[in-house]
Amino acid sequence: MVKVKDVSALLKDLLKDAVLEVALEKGLPPGEVPEVLLERPRHEGQGDWATNIAMLLAKPLKTRPRELAGEIVSRIGKDPHLEKMEVAGPGFINFFVTNLWVRDVIDAAVKERENYGRSTQGKGKKVQVEFVSANPTGPLHVGHGRGAAVGDMTAGLLEYAGWEVEREYYINDAGLQMNLLGQSTQARYFEILGVSDKAPFPENGYKGDYIYDLAREVLERDGKKHLEVPLEESFPVFQAYAANTILDGIREDLALFGVKFDVWFSEKSLYEKGLVESALAFLKARGHAYEKDGALWFRTTAFGDDKDRVLVRSNGVTTYFASDVAYHKEKFDRGFDLVIDVWGADHHGYVPRMKAAVEALGRERDALQILLIQFVNLLRGGHQVSMSTRSGEFVTLKEVLDEVGVDAARFFFAMRRCDSHLDFDLELAKKASTDNPVFYVQYAHARIESIMREAASRKIDIPDPGTVDVDLLLEPEEKALAKRIARFPEEIEKAASELAAHRIAFFAYDLASDFHAFYNAHRVLGVEEAVSKARLCLVEATRVALTNALGILRVKAPERM
RNA sequence: GCGCCUGUAGCUCAACCGGAUAGAGCAACGGACUUCUAAUCCGUAGGUUGGAGGUUCAAGUCCUCUCAGGCGCGCCA
């Protein structure tokens, strides 16, 4: 039996031979023959596969595309999987395959189960996905949620495509923002005790209500003792308490959202281990860094950035960029073949210098991929909700999860390309109606489980797909469904190589849609036995593909709804 | 001023390395449950892909210009 994925490979080989033969005959050196590609035609009636090769070759061979296409077709060898070929449109060659693939795909899905669709694309390669990485200065908001979903799903997708994947959270626990957090908490503590003039609230401090909560907790734990000592002395207590408490909250929120990190990496640890220093030394030794105006600069312009960047300020303080260079050096030193950073789109100006850093570290520019997550426009009751951590006015991720549920939130984020702005309407996501795609997809799964329960109660087993008579699955809804299942492995590879996890969500939706259409048109149980058996196999194959797709997104596939 | 992202049906979004007739859902209208779950399905209607040029056999996709929205442009993070 030919594996589903191999049908296209098989066609491609036949096609390639024919193309080379024709090209050679017309005097075109094999080196100048463009790459032969097979694509999925957009429309029904244009076959299962198509190629544009005749159009590409028409010019160098000085012939008309359609004529050439005919010539190529006449040289393509026979194969039991190949039903017929057609020359269509401006010069496409359309391939129609025989029904053999229907059994092939059902067989593959049912037998491979949780491995159906897995790819070896990333085999033997290690990738790190770093995401969220929010400063521990406040709770996660919806924007972080989108980053968390995209990062986690991208990681899941790459795992499925054969990569060894590590999920990492970078904790920005060093620097100015952490000081501000400590000062803000300290100031609120004094304010609560009615002596706010003794510890004024810092400019640009964190104004959210949660800072009051932290201050009150310190007060409960320690009493008024921090009033008695100088501010510098009590400051570390406030900072440590605030940062640890907030980070714990972040961990809890992410756990609730179904996101698990393999590594929580502390920025502070880079300094403690001397890695920032050694990274700077590395750059200096290779002539990528120089001193000017009392500061240390990184010559990022040598790698395409539009200006050089400061690593160490003239006051001796290292910049955020310096620790980021050190961090990325450390990542590559850990042996990753690919490093993916998921950032908020407001950091896009940072991309060229980070890419420059990667090159200066002696890596390919593309060894670092940065996914920029566009802003989430949070809507509630039609009007926009502001989301700035500093102003303290935001809706937290937890609030959203409590309101709309984890699955709805994850799927909502998954249904958009990450570089597209996202309107997240809470009222809409919460509705258990057709508006909400996650219920639509989950309902398809619940229906499948229902069929399986019914079959079990009637003592009917799922037969071996090898015994299925493919000619019993010729209804348009059956073929459409089988075809969709067959595309799952392609979809994985495509999505993985584009780092486009949203494709999986769309696939799941389309698969559910094909299933619902099938379900409404045909009965699985209570029809003629051979047909029933064939359909049971098809349903089981659907269940496998749907479960696997949802598994990548970490969205539940419920047995009942 | 310079740079990045976005602009596709009334609304929210898809569209593979440039391919054939630009697809879904919602909203609107008309239909379908005596059966394995109607949170479903089927049908109708809806478009100059913001605009103008260009490259190409072929452009939503690439190039130039332009308009609109968002975001960046620090010895901040």
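Per chain, numbering begins at 1; letters A, B, ... match sequence-line order.
Taking a pair to require two hydrogen-bonding distances under 3.5 Å in either a Watson-Crick or a G-U wobble arrangement, B:C65 pairs with B:G51. For B:G1, the paired base is B:C73 (Watson-Crick or G-U wobble, both distances below 3.5 Å). Pairing for B:A28 goes to B:U44, judged as Watson-Crick or G-U wobble with the two contacts each under 3.5 Å. Both distances falling under 3.5 Å, in either a Watson-Crick or a G-U wobble arrangement, occur for no nucleotide opposite B:C33.
Comparing B:C36, B:C16, B:A39 by their nearest atom to the side chain of A:R523 picks out B:C36. For A:Q177, the side-chain atoms get nearest to B:A77 when compared with the rest of B:A77, B:C41, B:G69. Distance from the side chain of A:N520 is smallest to B:C41 among B:C41, B:A15, B:A77. With B:U56, B:A39, B:A20 as the candidates, the nucleotide lying closest to the side chain of A:K59 is B:U56. Of all nucleotides listed (B:C17, B:C75, B:A14), B:C17 comes nearest to the side chain of A:L37. For A:Y509, counting side-chain heavy atoms from C-beta on, the closest listed nucleotide (B:U12, B:C5, B:G25) is B:G25. For A:Y320, taking side-chain heavy atoms from C-beta onward, the closest of the listed nucleotides B:A20, B:A77, B:G70 is B:A77. Closest approach to the A:P41 side chain among B:A20, B:A77, B:A15 is made by B:A20 (side chain taken as heavy atoms from C-beta onward). In this structure, of B:G19, B:A15, B:C13, it is B:G19 that holds the atom nearest to the side chain of A:L56. Candidate nucleotides B:A15, B:G70, B:U12 were compared by shortest atom distance to the side chain of A:R416, and B:U12 ranks first.
Within 3.5 Å, no donor on the side chain of A:T319 pairs with an acceptor on the base of B:C75, nor the reverse. Below the 3.5 angstrom threshold, one finds no donor paired with an acceptor across the side chain of A:H347 and the base of B:G72. Side-chain N/O atoms of A:N52 and base N/O atoms of B:G19 include a donor-acceptor pair closer than 3.5 Å.
Using a 4.0 Å heavy-atom criterion, one finds that A:L176 contacts the sugar-phosphate atoms exclusively. As judged by a 4.0 angstrom heavy-atom cut-off over every strand, A:N135 is placed among residues touching the sugar-phosphate backbone only. When heavy atoms are screened at a 4.0 angstrom cut-off, A:A295 is found touching base atoms of the nucleic acid. Using a 4.0 Å heavy-atom cutoff across all strands shown, A:Y443 reaches at least one base atom of the nucleic acid. Using a 4.0 Å heavy-atom distance criterion, A:R309 is classed as making no nucleic acid contact.
Contact record, A:I373 with A:V150: CD1-CG1, 3.7 Å, taken as the closest heavy-atom pair.
If you take atom P in B:C4 and the same atom in B:U12, they sit 26 Å apart, rounded to whole Å. Look at the C1' atom in both B:U40 and B:C26: the space between them is 16 Å, to the nearest Å. For the C1' atom pair drawn from B:A15 and B:G54, the interatomic distance equals 24 Å after rounding to whole Å.
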Salt bridge (Lys or Arg N to Asp or Glu O under 4.0 Å) assessment of A:D305 paired with A:K355 = CA-CA 9 Å; A:D305 197 5; A:K355 289 268 195 179; over 6 Å; no

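Residue A:F92 and nucleotide B:A20 are classified as a stacked aromatic pair, their ring centres being separated by less than 5.5 Å at an interplanar angle below 30°.
Counting to the nearest Å, the C1' atom of B:C36 and the NE2 atom of A:H522 are 14 Å from each other.
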